[in-house]
Colleague: 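What follows is a single structure, and I will ask about it in a moment.
Note that the coordinates shown come from a computational prediction; the quantities given were computed from them, not determined experimentally. These values consider heavy atoms only, across backbone and side chains, with no hydrogens, waters or symmetry-generated copies.
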Amino acid sequence: MPSTPSSPESSPRSSTRPSRPLWQYWLLKLVAWGLGLTLAGLAGILLVVAVALSVAYPNLPDISDLSDYRPKLPMRIYSADNVLIGEFGEERRNLTPIQDIPKVMKDAVLAIEDARFFSHGGVDYLGVIRAGLANVGRAKSQGASTITMQVARNVYLSAEKSYTRKIYEILLTFKLEHLLSKDQILEIYMNQIFLGNRSYGFAAASEAYFGKPLKNISIAEAAMLAGLPKAPSAYNPIINPKRARARQLYIIERMEENGFITPEQAVAAKNEELKVKTGLDAERVHAEYVAETVRQLVYSQYGDETYTRGLNVYTTLHADQQVVAYKALRKGIMDYERRQIYRGPEKFIDLPANPKEAEDAIDEALTDNPDNGDVMSAVVLEANPKRILAMRQNSETVEITGEGLKPAQSGLADKAAPNIKIRRGALIRVVKTPKNTWEITQLPEVEGAFVALDPRDGSIRALVGGFDFGKNKFNHVTQAWRQPGSSFKPFIYSAALEKGFTPATVVNDSPLFFDAGVTGGQPWEPKNYDQKYEGPMSLRNGLKKSKNMVSIRVLQAVGAQNAQEWVTNFGFDADKHPAYLTMALGAGSVTPMQMATAYSVFANGGYRINPYLVSKITDQKGKVLVETKAPALDESARGIPARNAFVMSSLLQEVTRSGTAARAQAMLKRPDLYGKTGTTNDSIDNWFAGFQPTLAAVVWMGYDAPRSLGESETGGRLSLPVWITFMESALKGVPVSEPAAPEGVHNAGGEWYYDEYAKGAGVSSLGLQDPAARAASAGEPPGPMSPTGQAIQVLPPADEKKRILDLFKN
């Protein structure tokens, strides 16, 4: 039977299809198209990225050299006892192998920078996504860099924040992770990262902020250092202690959370009081002039590699002696400054009435005019003849009263000139007295120099080239050519010994006058310092009392040209000591280093030595590149006969026992001290040069632009106290050592003579007849008699008159 068509309502297909609105149909279609387009877009992006990576990867820098990581390392300069005294280089860094970095330091860094460092492949993908979203929403603000990514960035890339640089950073990260082990990457990071205060790497930072090696770091200190990489300036414990402390506490908590430390250790670390170094390091060895001298020496050999190769330079300097020398010279200069007229405040600033604004103005002024060691700066708040109230850095107030006001009385007088008047807003200098009170002072204008060396080999033990290297970089020890004054007389006397003189030779200490007929121009009338004349006296007493007339007569007898040639045996330049009679008064030119070298010849028995400062240079791994060995003192180094050095030492010992430097033996209470004071005409240059057989030292004081130090400022008053202070410390524990008499001398009647002279032969007289009277005679008269009985010409030849005239004019 044929079927009957059914209606749509009765169709099974129609009965099973759900009813769907038209809008849903189009929505589904739109979603499908959108998903397809998205997938196509992602595929396109991935394709573009793949092409970009394939192009960029080959252009990445070669990182194979990181497998033998060698960063720029500064040159470091050490004393003989391994104390760091100088550092030169753009980056302050101590290269430390990963096995030598303490675990606590690594844990602190991992806790805050990359706790999953040893488990991820170099990129924290969640962190990268998070950083990418942050870049879109906050103008390229970045974050979530792993340690490997930071190494890639710090070693090879710039600090620019861009998507291109981020891609290169990720690619370099993959390359680093493929080439290097995790320990190698961490080692580079721990040594390369900048941590402020010119410090690169945690070893250098430990020294810079805590003054201790990294191996001795505590949990609290490690946490403080670990906070620096994020922002070295913001979290610097010296500049921003509060912010640094807050970050340190957070890192300690992170270390606890990651199981690096126990809760008990965390509590102890949070409570630990850190001793952070400041700019005023009391333990610092001030050897800036030495360090600069070494820098110049090394640079002349290694060029620019001096600052990057990691050279270690070891000097002959003794740190303890350098500290004493530095303090002694500064004290000597400041003691002199205390006797000078007050020159007035350094500057004046306007102090607002508002206390907070006034405090800000004071801080700014003190920053621009910082402390100079123990000579500190302060701004006056109140001032009257009986009291000064001033403010120092960190709002510290100081009160100056009584004796502390004496150095600046002229500045407190009612009628003081405006530029001298001490008033509110004046920037002054103050020092702490031994009684723990305050005293007003001023930065000195006078300069000084100190050098000490071992006369047995020439090694320099201490060197201070001036009051303050930051204020004046001119090294007065090696660069200042000054007149030595009476400290040069021993070299003239030494020449006389070789011409037949003895310590007992009698010389007339009476006035001398050279008229125009002798000088060829203006007359010359030299005088003794005290303008007193004692008549005939022995050579020994003439040197002991530093009699100018005796020295001139001795030089007349020796002959100026003979003496000029003789002094070259001590290392002096002949052309710096013209062959005129003024040589007897030290009118030539010397440096303090030359004087120390010359006095060493007396100290070591007559040998010439060459002062040296660098004993050894090594590379960063300790390989010796250069080593200096002092030559033995043999006859090839002889400058003067041993007996000459012995007799001269006897004369110089008398100076420190009963002469112009008698204070030396009296204060140090030991007989083995030898030396000579020196004060030039008008007290322009001031000296003391002396030695003990194991140590020679020279002190000089004067103004850079030569002018009088003051009528009463002699070498015995100014320079000798500095020498005594140094020797008191340097000779502590050193046994008394007086040289034994060498061959060729004998003692008769308590005086030393050369063997060829019979007892009393040296009691000959010299200069008892006034040479000016002899000069007046028409002929060429016989000169005074030497102990050998030979006549010695006492007046310069006529053809030298013009040259002498030129000298006398000066």
Side-chain angles (χ1 to χ4, degrees), residues 484-486 488-529 533-543 545-567 574 577-588 651 681 762-777 779-808:
S486 296
F488 195 76
K489 289 176 181 177
F491 308 109
I492 304 300
Y493 281 53
S494 172
L497 292 181
E498 296 306 299
K499 292 296 183 179
F501 284 73
T502 77
T505 300
V506 176
V507 185
N508 194 13
D509 177 35
S510 62
L512 282 168
F513 178 78
F514 300 90
D515 62 18
V518 175
T519 66
Q522 296 179 352
W524 181 44
E525 186 176 10
K527 300 180 183 299
N528 286 331
Y529 173 78
Y533 306 92
E534 301 181 31
M537 64 174 56
S538 68
L539 206 69
R540 178 178 291 276
N541 283 334
L543 185 63
K545 296 181 178 182
S546 197
K547 291 294 187 177
N548 290 341
M549 300 306 105
V550 172
S551 296
I552 293 172
R553 283 190 166 94
V554 169
L555 181 57
Q556 281 181 305
V558 170
Q561 289 185 341
N562 290 332
Q564 182 191 45
E565 182 179 350
W566 181 256
V567 301
H577 301 275
Y580 309 134
L581 293 182
T582 47
M583 191 196 311
L585 307 184
L651 294 176
N681 196 34
V763 190
S764 305
S765 62
L766 176 63
L768 297 184
Q769 181 184 0
D770 190 342
R774 291 198 303 271
S777 61
E780 192 66 45
M785 303 303 290
S786 76
T788 60
Q790 297 177 329
I792 301 175
Q793 183 179 352
V794 297
L795 298 178
D799 60 358
E800 293 189 354
K801 288 181 179 178
K802 185 176 183 303
R803 286 194 295 165
I804 294 175
L805 172 62
D806 293 338
L807 183 64
F808 289 159

Colleague: For residues Tyr493 and Pro503, determine if any side-chain heavy atom of one lies less than 4.5 Å from a side-chain heavy atom of the other.
Modeller: no
Colleague: I'd like to know if the side chain of Asn548 pairs up with that of Lys489 as donor and acceptor (distance under 3.5 Å, no hydrogens or angles considered).
Modeller: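 Present: a donor and an acceptor within the cut-off.
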Colleague: Side chains of Ile552 and Leu585, heavy atoms from C-beta outward: is any pair under 4.5 Å?
Modeller: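 They are in side-chain contact.
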Colleague: Starting at OG of Ser486, measure out to NZ of Lys547 and round the result to the nearest 0.5 Å.
Modeller: 11.5 Å
Colleague: Using atom types as modelled and distance alone, determine if a side-chain donor or acceptor of Gln561 lies under 3.5 Å from a backbone N or O of Ala579.
Modeller: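 Answer holds: no.
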Colleague: Does any non-hydrogen side-chain atom of Met549 lie less than 4.5 Å from one of Asn508?
Modeller: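 Asn508 vs Met549: side chains apart.
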Colleague: Counting the benzene-type ring for Trp, do His577 and Phe488 have ring centres under 6.0 Å apart?
Modeller: yes
Colleague: Can you find a heavy atom in the side chain of Leu497 that is under 4.5 Å from one in the side chain of Trp566?
Modeller: no
Colleague: Write down the atom of Arg553, the atom of Pro511, and the distance for their closest heavy-atom approach.
Modeller: NH2-O, 3.7 Å
Colleague: Looking at CG of Leu512 and NZ of Lys527, how far apart are the two atoms once the value is rounded to the nearest 0.5 Å?
Modeller: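 These two atoms lie 11.0 Å from each other.
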Colleague: Rounded to the nearest 0.5 Å, how far does OG of Ser551 lie from CG of Asp509?
Modeller: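 The CG atom of Asp509 sits 9.5 Å away from the OG atom of Ser551.
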Colleague: Using every non-hydrogen atom in the two residues, find where Tyr533 and Ser510 come nearest and quote the distance to one decimal.
Modeller: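 Tyr533 and Ser510 have their closest heavy atoms at CD2-C, 4.0 Å.
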Colleague: Pair Leu539, Val507 - check side-chain contact (heavy atoms from CB on, under 4.5 Å), show working.
Modeller: CA-CA 7 Å; Leu539 206 69; Val507 185; 4.0 Å; yes
Colleague: To the nearest 0.5 Å, what is the distance between CG (Asn528) and OG (Ser546)?
Modeller: 8.5 Å
Colleague: Go through the structure and list residues passing salt bridge (charged side-chain N to carboxylate O under 4.0 Å, His left out) with Glu565, not counting sequence neighbours.
Modeller: none
Colleague: Checking Ala563 now: which residues fulfil side-chain contact (heavy atoms from CB on, under 4.5 Å) with it, not counting sequence neighbours?
Modeller: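 Partners of Ala563 by the side-chain contact (heavy atoms from CB on, under 4.5 Å) criterion, ordered by chain and then number, come out as Ile492, Leu555, Val558, Met583.
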